Structures are given as structure tokens and as C-alpha cells.
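As the structure is a prediction and not an experimental result, all values here were calculated from the model.
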Amino acid sequence: MNTQLIADAVRNSRDEAEATVWDRLFAFWFRRLVYTQIWEDPEADLAALQLPLGSTIVTISSGGCNALSYLTAQPAQVYAVDLNEAHLSLLKLKLAGLRAFSGYAEFWQFFGEAASASNSQLYRDRLWLMLDADTRAYWDKRNIVGRPRHAYFTDGFYRHGMLGRFIGLTHLLAKLARIDLTALLTGKANDPGRLQALDRLDRLFHSPLARLLTGTPALLFSLGIPPQQRALLGAGAPLNEVLHQRLLRLINGHPNETNYFAWQALHRSYPGPGDRCLPPYLQRRQFERMRDGAGLIIPVHANLRQFLENLPAREVDAVILLDSQDWMAPDEIAALWNAIDRTGRDDVRVIFRTAGTESPLESAELADLRQIWRRDEERSAIGFAQDRSGIYGGFHCYVRR
């Protein structure tokens, strides 16, 4: 079932005959654990949404970081919906940790540091019995050399997953190009070492090797970018140049001492426990709120549109679509927004990101949706400005007219 749901999404609502070899390959690829950390900033989301207390939120789950972090807004419930069972298994593991661990120190050790040999024992003693059969089977599954998946948390969890391994490849390329990633991460703006690293980074991204690699669709699968989104990301510009500019925005757009996305990109880990430079759900000051609110998170394995269609009318205060519409054809986007229209309250807010700069709702094919929905320019600008990940071309917030 998981494979078919993802395949249907990747085909972009096209007929089977129109699905390319790359579409089918990505659908196969995306069944895996792609994101060990979600790459949308939850604090930017909440700043744009400005939700009242007791809201009902529907979000695409991905790795669950944001679904949990939305608990800081004190919602009534958060539906975390996803097609990828690996991502839902990660969310369920985090929920089990909130319920089972003795306190913040153990939760940080397992999910923040995520590199302690004793985490295998923590998994067996504390988490295993808290998991449903499918989630337990996912984390217990062994690879070809007999190593279980839960062992990812013993040697650097954030180095695993498709994106983690892709970032590892980029670190190897940076080492070969003699780029000092530490200088990029912690150096002051005008330090000679950082300026030299930026210059070498520029040369690497404009090298024949970079043009070759970014011209290969399969390479971007590890970033979770399907063929359709790859076209939107480039928008006619060379992809190596677009990715270079997005990386510069990631590492230069916000202070890196508080930008955990930059730490994951350049250091493949978080700087340490506490309250700074961490996603909200991993912050010490938020731990009790996370623990108390864990029961408000409802993981759902489903197509998002179909899930919304089965909710009661006027049930939802906010819908977070991540970048999912970049995968969709206009008719599927229209059906999704019709479902949001039915299930959303009068003041429902919808946010999403796009690989390119433009919102799909502003296209000619979706003009009818603009009779109901309008882009909130102020909230969209707030979200884009505050999003520390810097990897998306657009942040969009829509409300009813």
C-alpha cells in the first residue's frame, strides 16, 4: 500500500503511460527514510500562522520535527499525515521517547545527540514495548550485515537517511575541494578563512563536476526532489547556480549560532543540548510541554487530500502542506484545496513552500481557487524572512477571502 500511495503522488496525477522512468525510480526511492530532520522551519510556520490556542492542525509529518514543535502553540490536536511509513515510524519513535524516557537528558541523548552506543539498550529497554507492531518491525529490521535500523541512533542518526548520506557526499566533495566547512559555519563574516572557503565553494559549484552532478535527476532524489519539482527548482536557470544561491542563503541569511539547519548542513549534527540552535521539540525548556502534549499528536498513514475529505466539515484551523504541491498536477491541487475548503473553519490558514518562487494558486489553470482564497502577503513575507533553512524559493500563506 505504501508503494502505491507514493507512486500515485509522484506520477503527478498523470496517466500511467505518461509517468517517466525517473518518476518510477523516485517513487521506489522515496519509500525509504529520506529526512532524519525536516527542512521547514517550524518557528517560521507559527509566526506566519498566528494560531489561537486550542487550534486543530493538519500537517504533512515528514520526520515529525514540526508536528511536535507545533505543540508550543498549545493546539487541541495535530494530525501528522504522510505517505511514507518510514517517516511516520520516526515520529512514532519520538512519541514513544517522550512517554518512556526519564527526562530531558535521555531524550536528548537518543534524539538530539543520537550517537551514543547506549542508545541500543535504551531502545530495547524503554522504547520497544511502547511501539505498535509495524513501527517495531521497521526499527528492528536488519540490513544485509545484520545491523538493526535502531542502531542508526548509536553512530550519528543525522548521518543516515537518504538526505543524510547525500550531505555526507557533499562533505566529501568539499574536503576534496579544500573547503573549510567549520569556517563557513562558525567564522565571522569577514574572516580570511571564511572568505577563502566561500571562494572555493563558488568555484566548486561552477565546476564541470557540479554541472554534471546537478544535471542528473537521480542525484536529487536524496534531497527528496522528484522530477517535477526539479524543473520548478531550476525555472530555466542552471541548477548548480540555483543550489549555490540557496546554500548561501542557508549559511549567510541568519546567525549560525541559532540556525540549526546550517549546523545540520555543515556539521551533520546539533551543537548540543539546551535551548539554542535546536528545533523546539528538542529544547530543554520545551521538554515538559512535549511530554504533556504527546497524546495530541495523531500519526496518520494516508493521502492528505483523502484524509481531509474524511474529516468533519469546519474542523481545521491550519493546514501545512510543506512543498507537496510541487509534486501535483493542477487538477490534484484543485481537489486538495476543495477538501481544505470543506474541512477548514472560516478563518483557516494554509501555508506551504515551493521550490520556485511562484505559488501554484496564482497560475491560470487554478484561477477558480482565487475566488475563494487569497495570498496573505504580510504573513507570507514573515514566513519567508524567518525561515532559517533557506532552501525554498517561496513561502506562501493563504486565507479565505
Indicate whether any N or O donor in one side chain lies under 3.5 Å from an N or O acceptor in the other, for [X] and [Y].
X      : Y      : answer
Thr186 : Glu257 : no
Asp387 : Tyr392 : no
Arg305 : Asn310 : no
Gln386 : Asp41  : no
Trp337 : Gln325 : yes

Is the closest basic N to carboxylate O distance between [X] and [Y] below 4.0 Å?
X      : Y      : answer
Asp346 : Arg314 : yes
Asp180 : Arg200 : no
Asp376 : Arg379 : yes

Applying side-chain contact (heavy atoms from CB on, under 4.5 Å), run through Ile333 and Leu361 and close with a yes or a no.
CA-CA 8 Å; Ile333 294 175; Leu361 269 68; 4.2 Å; yes
Crowding at NE2, His254 (>12 non-hydrogen neighbours, <6.0 Å):
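Counting other residues, nucleotides and ligands, NE2 of His254 exceeds 12 neighbours.
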Can you confirm whether more than 12 heavy atoms, excluding those of Arg401, are under 6.0 Å from its CZ atom?
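Above 12, so yes.
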Pro280 versus Tyr70: any side-chain heavy-atom pair under 4.5 Å?
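Side chain of Pro280 against side chain of Tyr70, heavy atoms only: no contact under 4.5 Å found.
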Under the side chain to side chain contact (heavy atoms under 4.5 Å, CB included) test against Phe111, which residue among Phe101, Tyr270, Phe157 passes?
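Only one option passes, and that is Phe101.
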Show the nearest heavy-atom pair for residues Thr36 and Lys94, with the distance to one decimal.
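Nearest heavy atoms, Thr36 then Lys94: O-NZ, 4.5 Å.
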Where does the angle between the aromatic ring planes of Tyr152 and His160 fall among parallel (under 30°), tilted (30 to 60°) and perpendicular (over 60°)?
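It falls in the parallel class, under 30°.
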Could Arg136 and Trp128 be counted as a cation-pi pair, given that NZ or CZ must be under 6.0 Å from the ring centre and within 45° of the axis?
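Judged by the rule (NZ or CZ under 6.0 Å from the ring centre, within 45° of its axis), Arg136 counts as positioned above Trp128.
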Donor-acceptor pair, distance only, cut-off 3.5 Å: does the side chain of Asp132 make one with the backbone of Thr135?
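Here the side-chain-to-backbone pair exists.
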